[in-house]
Q: 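I have a structure I would like to understand better, so I am pasting it below and will then ask my questions one at a time.
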Amino acid sequence: MNRKPRVPTPEDFPAPSHSPLVAARLGLWLGVAFGLCFVTGLLSHYIQHPPGWFAWPTRPVNLYRVTQGVHVLSGIAAIPLLLGKLWSVYPRLFVRPPLRQPIRLSAHVLERISVLVLVCAAFFELVTGLFNVAQSYPWGFFFPTAHYAVAWLVVGALLLHIAVKLPVARAALRTPPRREEVGEAASTGRDDRDSSGRRAFLRTSAGVAGVAVLATAGVTVPWLRRVSPLAWRSASGPQGIPINRTAAAARIVVPPDWRLEIVWPGGRGSLSLAELTTLPQRTAELPIACVEGWSVSASWTGVPVVQLLRRFGAPTGRPVRVSSLETAGLYAASTLPAAHAGDPLTLLALRINGEELSPDHGYPCRLIAPSRPGVLQTKWVARLEVLR
């Protein structure tokens, strides 16, 4: 006689790592990691595509460096935490209500669909994020747009999941391990073993997440670079500073008669490189902070944008559009908000660490502003336009 296969139940998985307490604690840690990743990612998106109500400060100068570093490192920490969470809960995925209870069954199916959406969206964000920091894009979609859209999907599915599972998680975190009525000594021994197993699994998950962060944190924390073997950027690169886009890749050709053009409503002016070099210069220690999470500080020397505008009598206190000699790139131009355009540390840099800019760092001049993503620090600057 053929028998229907028995549906596995959570009791078939007695390991302490599958307990509700482990799932609840890992879920709490994972929620913190996802929350940090989402908030800092949202900030980065708004800095690059600011809505009318959004304003990003220029101080402290390392602010974006910190927020984007937290974004990437919290995403890295989330990977082992997500794997541990899935391991702790997967036996319960086999549980289902009786078919004779269609209302409970429908709710169960909807809840499982939301879990599927959450897991798939979370893996999409984490895996594509890893490819992004490696600057590898084996897909046909534009990463920033897709990453931003799916982030909202993750948050929506996560909030729904929390709403459904909050009573279970709260009970697991508050309720001490139950002792069976089989004798105090035997029960105590089993409870102790289960408790030890749960602690070991949680320590392992937290330890793996910590090691992953430590192994990569050197990309944004300078004093950790010696102990971060997996850091994808260091102090290597032209003139000791990493780059993402070379002059050759951008097809930059600096004309011999290059002049910086300054345009404002009702007026215009221009400067040759020699004339720009003779203007009063300022030196500032500012970071290049990339959206991929890496950041490096350097000493930049150049002319403050606000002083340059005043020299020509152009209006200040307004946004300034900065255009590059590059014409085909996605970031061939950027807009300085009024706060950044008026900050004396926002420079048209001519030198880096005491040396003339190399072509890969933006020769003949480049923008460098405090607390700003690297993709908006326009290189090979050709034009400044004061906007209305």
Side-chain angles (χ1 to χ4, degrees), residues 29-51 53-54 56 63-83 85-86 114-162 209 212-213 215-217 219-220 230-233 242-245 249 287-295 328-335 371-378:
W29 299 345
L30 190 59
V32 171
F34 276 160
L36 286 172
C37 202
F38 176 73
V39 170
T40 52
L42 196 62
L43 286 174
S44 183
H45 178 82
Y46 284 163
I47 294 168
Q48 297 176 62
H49 310 281
W53 53 266
F54 181 81
W56 183 249
L63 182 58
Y64 182 77
R65 180 184 204 172
V66 172
T67 60
Q68 196 62 10
V70 169
H71 175 72
V72 173
L73 295 179
S74 60
I76 289 173
I79 296 173
L81 294 178
L82 178 60
L83 294 175
K85 170 72 171 178
L86 291 176
S114 72
V115 170
L116 179 63
V117 170
L118 174 58
V119 172
C120 291
F123 270 111
F124 176 89
E125 291 291 272
L126 297 176
V127 171
T128 57
L130 282 179
F131 274 92
N132 180 57
V133 300
Q135 293 188 295
S136 175
Y137 305 99
W139 49 69
F141 55 82
F142 185 44
F143 168 78
T145 301
H147 199 67
Y148 175 71
V150 177
W152 284 104
L153 191 62
V154 171
V155 169
L158 181 60
L159 291 176
L160 176 61
H161 185 68
I162 291 173
V213 170
T216 54
V219 298
T220 193
L230 300 182
W232 52 92
R233 285 289 190 275
I243 58 167
N244 279 357
R245 189 167 175 81
I288 284 285
C290 191
V291 293
E292 284 90 4
W294 65 264
S295 58
L330 292 172
Y331 301 101
S334 67
T335 299
S371 186
R372 193 156 163 84
V375 292
L376 302 182
Q377 307 278 36
T378 306

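On a predicted model such as this, the values are computed, not experimentally measured, just so you know.
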Q: What about the rings of Trp29 and Phe34, do their centers lie closer together than 6.0 Å?
A: no

Q: How close do Leu30 and Ala78 get, heavy atom to heavy atom, and via which atoms?
A: CD1-O, 3.6 Å

Q: Out of curiosity, Arg372 CZ to Ile47 CD1, how far, rounded to the nearest 0.5 Å?
A: 9.0 Å

Q: As an exercise, state the distance from OG of Ser44 to CH2 of Trp56, rounded to the nearest 0.5 Å.
A: 8.5 Å

Q: I'd like to check Leu126 versus Leu82 (side-chain heavy atoms, cut-off strictly below 4.5 Å). Are they in contact?
A: yes

Q: Identify the two heavy atoms, one from Leu158 and one from Leu118, that lie closest to each other, and give their separation to 0.1 Å.
A: N-CD1, 3.8 Å

Q: Is there side-chain contact between Ile79 and Leu130, with at least one heavy-atom pair below 4.5 Å?
A: yes

Q: Kindly compute the distance separating CZ (Arg65) from OG (Ser371), expressed to the nearest 0.5 Å.
A: 12.0 Å

Q: In the structure I gave you, are the side-chain heavy atoms of Phe143 and Thr128 within less than 4.5 Å of one another anywhere?
A: yes

Q: To the closest 0.5 Å, what do you measure between SG (Cys290) and OH (Tyr64)?
A: 7.5 Å

Q: Roughly how far, to the nearest 0.5 Å, is CG of Leu160 from CD1 of Ile162?
A: 10.0 Å

Q: For Asn244 and Trp294, which heavy atoms make the closest approach, and how far apart are they?
A: OD1-NE1, 3.4 Å

Q: For Ile76 and Pro80, which heavy atoms make the closest approach, and how far apart are they?
A: O-CD, 3.2 Å

Q: Any side-chain heavy-atom pair from Leu36 and His71 closer than 4.5 angstrom?
A: no

Q: Carefully, step by step, assess Glu292 and Val72 under the rule side-chain contact (heavy atoms from CB on, under 4.5 Å).
A: CA-CA 7 Å; Glu292 284 90 4; Val72 173; 6.0 Å; no

Q: Quick one: CD on Gln68 to OG1 on Thr40, what's the gap to the nearest 0.5 Å?
A: 6.5 Å

Q: Aromatic ring centroids of Phe124 and Phe141 under 6.0 Å?
A: yes

Q: For Pro51 versus Tyr46, what's the shortest heavy-atom pair and its separation?
A: CD-CD2, 3.8 Å

Q: Do Thr220 and Ser295 have a side chain donor and acceptor closer than 3.5 Å?
A: yes

Q: Of the non-hydrogen atoms in Val375 and Tyr331, which two are nearest, and what is the gap between them?
A: O-CB, 3.5 Å

Q: Does the plane of the ring in His49 sit parallel, tilted or perpendicular to the ring in His45? Use 30° and 60° as the thresholds.
A: tilted

Q: If you define the side chain from C-beta out and look only at heavy atoms, does anything of Leu86 sit under 4.5 Å from Phe123?
A: yes

Q: Students often mix this up, so state it plainly: with edges at 30° and 60°, are the rings of Trp139 and Tyr137 parallel, tilted or perpendicular?
A: perpendicular

